[in-house]
Q: 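Below you'll find the structure I mean.
Note: hydrogens, waters and symmetry copies are ignored here, and every other heavy atom, side chains too, is used. First listed ligand is number 1; within each ligand, the first listed atom is number 1.
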Amino acid sequence: MAHRYTSDLTRDDVTPKQLYLNRRQIMMGGTALMGAGLGAGKARAEDAWDLTLTSYEDVTSYNNFYEFGTDKSDPARNAHMMTTDPWEIVIDGMVDNPGTYSLAEIVEGQTIEERIYRLRCVERWSMVIPWQGFEFADLLERVGVQEGARYVAFETLARPEEMPGLRVPIIDWPYKEGLRLDEAMHPLTILATGLYDEPMPNQNGAPIRLVVPWKYGYKSIKSIVRITLTDEQPPTAWNTYAPNEYGFYSNVNPNRSHPRWSQEFERRVGGGLFARNIETLMFNGYEEEVAHMYEGMDLIEFH
Ligand SMILES: Nc1nc2c(c(=O)[nH]1)N[C@H]1C(S)=C(S)[C@@H](COP(=O)(O)O)O[C@H]1N2
Ligand SMILES: [Mo]
């Protein structure tokens, strides 16, 4: 399978060696340990952590998928209840070929490739995940985006008998997300159908989910059943819930604190003691690829 990625992450780089600390981290971590008696050494995200895939076990057992409960372990426990076959996606709004497409029709003709991306949750934990999928732009090209369309809205399945979390009205179900059209068309934006060369586990958003690596994890909507092209910024689940805390853009930004916590640092899941204070990078490390889309925008106001 072809590897394509935009930072220097490849699966071939990831050997057990990367699990050991590099010298700088040992020094910094050691200093912090001696100095403060705390196990919180700082490490740059480009350091060894960045080359270390989060284990399959962690990727599939520590999840946010509120349709199955709010605890990190709820999705792994409950998501087996979701029926993912057959699966259909409605594509509508400002497209030339609106309709209800089967999963097979959506994936047909796409070259499935591997993308190793960092995932940074707004809650300050992060992972490195090897996804399989294809560029969302390829699907948009096939359905034909009409002149005047400016945004893409997404919706997740909402099936109460299979999703116990829907009983709790935390957010206004179904879970919704949205992107500006240029963000949706960006080559980093993928529809993922698998991870670690396995079909997408239910808890990670089977059978097909979005991955937008430069934005906080909640933009990467799971188990998609509807895609709508529109000329207006669509409402999104977390932005509707608390606009001050969760913006429409939600670009990873160490300089814009969440009202209740700083976003300067993150904890790499599975990284142990020394991976607790990794510096968060602007646009989650994808600045070179995406910053041009936000030129002249106030990224604190448009967070
Ligand atoms: N439908 C839906 N999509 C969702 C969520 C959710 O609760 N429901 N959680 C989001 C959040 S907050 C994160 S961090 C990522 C987590 O993806 P993962 O569990 O595959 O790591 O999924 C996002 N997509
Ligand atoms: Mo998240």
Q: Could you see which bit of Asn64 sits under 4.0 Å from ligand 1, with heavy atoms only: side chain, backbone, both or neither?
A: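 Both of them.
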
Q: What atoms of ligand 1 come within less than 4.0 Å of a heavy atom belonging to Ser220?
A: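 That gives atoms 22 (O), 23 (C), 24 (N) of ligand 1.
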
Q: Between ligand 1 and Gly205, can you find any atom pair, the residue atom being a heavy atom, that is separated by under 4.0 Å?
A: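 Distance cut 4.0 Å: Gly205 fails for ligand 1.
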
Q: With a 4.0 Å heavy-atom cut-off (strictly under), which part of Arg209 contacts ligand 1: side chain, backbone, both or neither?
A: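 Side chain only.
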
Q: Does this structure show an ion pair linking Lys219 with Glu177, if we count only N-O contacts that are shorter than 4.0 Å?
A: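 Yes.
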
Q: May I ask you to list the atoms of ligand 1 that are less than 4.0 angstrom from any heavy atom of Cys121?
A: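 It comes down to these atoms of ligand 1: 14 (S).
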
Q: Can you pull out the closest protein heavy atom to atom 8 (N) of ligand 1? Residue, atom name and distance to 0.1 Å, please.
A: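 In this structure, atom 8 (N) of ligand 1 has Glu67 OE1, 2.8 Å as its nearest protein heavy atom.
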
Q: Show every donor-acceptor pair shorter than 3.5 Å between a side-chain atom in residues 81-88 and any protein atom, with sequence neighbours excluded, or say none if there are none.
A:
unit_1, atom_1, unit_2, atom_2, d
Thr83, OG1, Glu162, OE1, 3.4
Thr83, OG1, Glu162, OE2, 2.7
Trp87, NE1, Ile224, O, 2.8

Q: For a quick test of reading the model, state the closest non-hydrogen atom pair linking Pro201 to Thr60 and the distance between them.
A: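 Of all heavy-atom pairs spanning Pro201 and Thr60, the closest is CG-CG2, 3.8 Å.
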
Q: Does Glu135 come within less than 4.0 Å of Arg115, counting only side-chain N to carboxylate O?
A: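 Yes, this pair counts.
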
Q: What atoms of ligand 1 come within less than 4.0 Å of a heavy atom belonging to Asn63?
A: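 Listed by number with element, the hits are 18 (P), 19 (O).
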
Q: When you look for heavy atoms under 4.0 Å from ligand 1, do you find them on the side chain of Tyr218, its backbone, both, or neither?
A: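 Both backbone and side chain.
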
Q: With heavy atoms only and a cut-off of under 4.0 Å, state how Leu119 meets ligand 1: side chain, backbone, both or neither.
A: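 The side chain, only.
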
Q: Sequence neighbours left out, cut at 3.5 Å: what donor-acceptor pairs do the side chains of residues 234-242 make with other protein atoms?
A:
unit_1, atom_1, unit_2, atom_2, d
Trp238, NE1, Tyr175, OH, 3.4
Asn239, ND2, Tyr246, O, 2.8
Thr240, OG1, Thr236, O, 2.7

Q: For atom 6 (C) of ligand 1, which protein heavy atom lies nearest, and how many Å away is it?
A: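 Answer for atom 6 (C) of ligand 1: Tyr175 CE1, 3.3 Å.
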
Q: Can the ring centres of Trp131 and Tyr196 be said to be less than 6.0 Å apart?
A: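 When the ring centroids of Trp131 and Tyr196 are compared, they turn out to be at least 6.0 Å apart.
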
Q: Under 3.5 Å, N or O to N or O, is Tyr66 touching ligand 1 that way?
A: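 Yes, Tyr66 has an N/O under 3.5 Å of an N/O on ligand 1.
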
Q: Which residue holds the protein heavy atom closest to atom 15 (C) of ligand 1, what is that atom called, and what is the gap in Å?
A: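 Ranking protein heavy atoms by distance from atom 15 (C) of ligand 1, first comes Gly217 O, 3.6 Å.
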
Q: Suppose we measure from atom 18 (P) of ligand 1 to each protein heavy atom; which comes out shortest, and what is that distance?
A: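 Protein heavy atom at minimum distance: Lys222 NZ, 3.4 Å.
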
Q: So if I count the atoms of ligand 1 from 1 in the order they appear, which ones are less than 4.0 Å from some heavy atom of Trp125?
A: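 Numbered from 1, ligand 1 contributes 14 (S).
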
Q: Backbone N or O of Glu123 within a donor-acceptor pair of the His258 side chain at under 3.5 Å?
A: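 No; zero donor-acceptor contacts below 3.5 Å.
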
Q: Determine whether the side chain, the backbone, both or neither of Glu123 has a heavy atom under 4.0 Å from any heavy atom of ligand 1.
A: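 Looking at Glu123 and ligand 1, no heavy atom falls under 4.0 Å.
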
Q: Are any non-hydrogen side-chain atoms of Phe248 and Phe302 less than 4.5 angstrom apart?
A: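 Contact flag for Phe248/Phe302 side chains = no.
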
Q: Does an N or O from Gln203, backbone or side chain, lie closer than 3.5 Å to an N or O of ligand 1?
A: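 For ligand 1, there is no N or O atom that lies under 3.5 Å from one belonging to Gln203.
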
Q: Taking the basic N atoms (NZ, or NE/NH1/NH2) and the acidic carboxylate oxygens, is any pair closer than 4.0 Å for Glu183 and Lys215?
A: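 Here Glu183 pairs with Lys215 in a salt bridge, since their nearest N and O are under 4.0 Å apart.
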
